[in-house]
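The basis for the numbers below is simple: all heavy atoms, side chains too, and nothing from hydrogens, waters or symmetry mates. Being a predicted model, the structure only gives us computed values, none of them experimental. For the single chain, residues carry numbers from 1 onward in sequence order.
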Amino acid sequence: MDLESLQPHLFEEFNHILRSDRMSHAYLFSGDFASLDFALYLAKSRFCEHFQDGLPCGKCRECVLIAENEFSDVKQIKPTGQVIKTDTIRDLLRDFSRSGFESQSQVFIIQDCDKMHPNAANSLLKFIEEPQSSSYMILLTSDESKVLPTIKSRTQVIRFPKNEALLRKQAEEAGVLKTQAEILVALAKTPQHLEKLIQDKKVEELLQASERFVATLFKDTDTAYLEVNELVKLAPEKSEQELAFQLLTLYLSKHLERKQTLVYLEKAYQAQQMWKSNVSFQNVLEYMVVS
């Protein structure tokens, strides 16, 4: 899917920046929706051999290699597990002191930058404050609130809102029922993520079970207590249980006109916090119903 369809306003804004040769040396991209795609687009603009109207062509050797993450002067950093280690950032900073292999420029893209160890994040400040003229840093995060204020204040922050209209159209074209499409669009972070959710049979089963559980909860708590077993059987894995909590919250939110809804939303939140403290999934759902 092309960048103009994903983020039309940002596409126009970045093209103006590139044509004016005003690209910043340090960006913080906040939000998942096409942020990595745009980071790669900016990287291509530093190395493209066949510009078209001042913009990267996307087809030359350099553009293709960058898209495939095989271009030596564009480095992507990702967390190892749940953290980006200080040594990883130190190795990256050593590269800043060298010229690029294929040109003078280098572009560094750090995904999930909010997962940097605090020492790692602080070590970036010197580069951001005193950038080399040919080096660029693009930080990506899905949770801007977790990024150090000192990092945010020294980067140009660009926010990437979810294009819900595009996702709704995608779900509609895939033949998803309207009621389920609303929930899937709320869950999906990107078009690729939405496609994965649509094709996942387990997600479809959890959608149906969660909707049934919430409907029963408002009618008869005794019967809802029995429905707990169905959800537990469908979600043996932690990732599936986390999804179930998201679905329960979304389905409950569709009933805000009911006076019990706020109580149940609070109980769902408390149940999830207990689950995060390693109380079993079944026990926290039973607590949610009984309490």
Side-chain angles (χ1 to χ4, degrees), residues 1 5-7 30-36 142-145 159-221 223-276 281-282 284-289:
M1 196 171 290
S5 298
L6 292 167
Q7 294 283 7
S30 177
D32 290 321
F33 205 90
S35 55
L36 178 58
S142 59
D143 192 346
E144 185 182 330
S145 66
R159 295 179 175 88
F160 287 75
K162 185 191 290 190
N163 189 337
E164 293 192 356
L166 183 72
L167 293 175
R168 279 194 294 270
K169 182 179 178 182
Q170 180 183 344
E172 180 184 331
E173 291 175 349
V176 179
L177 293 174
K178 186 176 180 180
T179 53
Q180 291 189 352
E182 292 176 4
I183 300 297
L184 291 176
V185 166
L187 286 174
K189 297 178 180 179
T190 64
Q192 295 82 3
H193 186 208
L194 177 59
E195 182 66 25
K196 184 177 178 181
L197 291 172
I198 291 172
Q199 294 180 354
D200 192 329
K201 292 298 182 184
K202 177 58 71 69
V203 172
E204 183 179 354
E205 292 174 345
L206 280 171
L207 277 168
Q208 295 170 355
S210 299
E211 184 176 23
R212 187 167 57 249
F213 176 79
V214 169
T216 307
L217 196 59
F218 285 114
K219 293 178 182 177
D220 181 4
T221 53
T223 307
Y225 189 87
L226 299 176
E227 289 285 347
V228 166
N229 288 329
E230 183 65 22
L231 274 174
V232 171
K233 284 192 294 184
L234 285 174
E237 303 295 332
K238 279 283 187 180
S239 59
E240 295 164 346
Q241 293 167 8
E242 184 175 10
L243 174 59
F245 279 119
Q246 291 177 291
L247 291 172
L248 291 175
T249 301
L250 289 169
Y251 276 119
L252 283 168
S253 298
K254 293 175 69 175
H255 298 278
L256 291 177
E257 76 285 355
R258 296 173 180 261
K259 55 184 181 179
Q260 311 106 298
T261 299
L262 292 179
V263 174
Y264 283 134
L265 283 169
E266 176 64 22
K267 294 301 180 186
Y269 173 77
Q270 291 174 359
Q272 187 169 15
Q273 297 307 113
M274 291 164 62
W275 172 77
K276 288 180 178 179
F281 186 52
Q282 179 162 350
V284 299
L285 289 182
E286 290 174 349
Y287 159 82
M288 178 180 167
V289 176

Sequence-distant partners of D220, side chain to side chain donor-acceptor pair (under 3.5 Å), two or more places apart: T223

Residues forming a ring pair (Phe, Tyr, Trp, His ring centres under 6.0 Å) with F218, sequence neighbours excluded: H255, Y264

Show the atom names and distances, to 0.1 Å, of all donor-acceptor pairs under 3.5 Å that link a side chain in residues 210-217 to residues at least two apart or in another chain.
| residue | atom | partner | partner atom | Å |
| --- | --- | --- | --- | --- |
| S210 | OG | L206 | O | 2.7 |
| T216 | OG1 | R212 | O | 2.7 |

Criterion side chain to side chain contact (heavy atoms under 4.5 Å, CB included) on L167 and L184, from CA distance to verdict: CA-CA 9 Å; L167 293 175; L184 291 176; over 6 Å; no

NZ/K162: more than 12 non-hydrogen atoms of other groups inside 6.0 Å: yes

Pair up each side-chain donor or acceptor in residues 175-183 with any protein partner under 3.5 Å, not counting sequence neighbours, and list the distances.
none

Y251 vs L207, side chain to side chain contact (heavy atoms under 4.5 Å, CB included): CA-CA, chis, key distance, verdict: CA-CA 9 Å; Y251 276 119; L207 277 168; 3.5 Å; yes

Partner residues of S30 under the side chain to side chain donor-acceptor pair (under 3.5 Å) criterion, sequence neighbours left out: E144

Listed partners of E230 passing salt bridge (Lys or Arg N to Asp or Glu O under 4.0 Å), at least two apart: K233

Distance in Å, K276 NZ paired with E242 CD, rounded so as to fall on 0.5 Å steps: 7.0 Å

By side chain to side chain donor-acceptor pair (under 3.5 Å) - contacts of K202 (at least two apart): E240

Euclidean distance, L166 CG relative to E164 CD, rounded to 0.5 Å: 11.0 Å

Residues forming a side-chain contact (heavy atoms from CB on, under 4.5 Å) with L226, sequence neighbours excluded: none

Check: R168 and E172 side chains under 4.5 Å, non-hydrogen atoms: no

Nearest-0.5 Å distance, CG of residue L194 to CD of residue Q199: 10.0 Å

Residue pairs fulfilling salt bridge (Lys or Arg N to Asp or Glu O under 4.0 Å) with at least one residue in residues 184-198, sequence neighbours excluded: none

Rounded distance (nearest 0.5 Å) linking atom CZ of F281 with atom CD of Q272: 9.5 Å

Under the side chain to side chain donor-acceptor pair (under 3.5 Å) test, residues paired with Y269 that sit two or more places apart: none

Pair K201 + E205: basic N to acidic O under 4.0 Å: no

Student check: side-chain heavy atoms of L248 and L285 closer than 4.5 Å: yes

OH (Y287) with more than 12 external heavy atoms under 6.0 Å: yes

Greater than 12 external heavy atoms within 6.0 Å of K238's NZ: yes

Qualifying ring pair (Phe, Tyr, Trp, His ring centres under 6.0 Å) pairs, either residue in residues 183-209, two or more places apart: none

D143: salt bridge (Lys or Arg N to Asp or Glu O under 4.0 Å) partners, not counting sequence neighbours: K146

Pairwise distance CG(L197) to CD(E204) - rounded to 0.5 angstrom: 12.0 Å

N163 (side chain) donor-acceptor with L6 (main chain) under 3.5 angstrom: yes

Euclidean distance, Q241 CD relative to Q246 CD, rounded to 0.5 Å: 12.5 Å

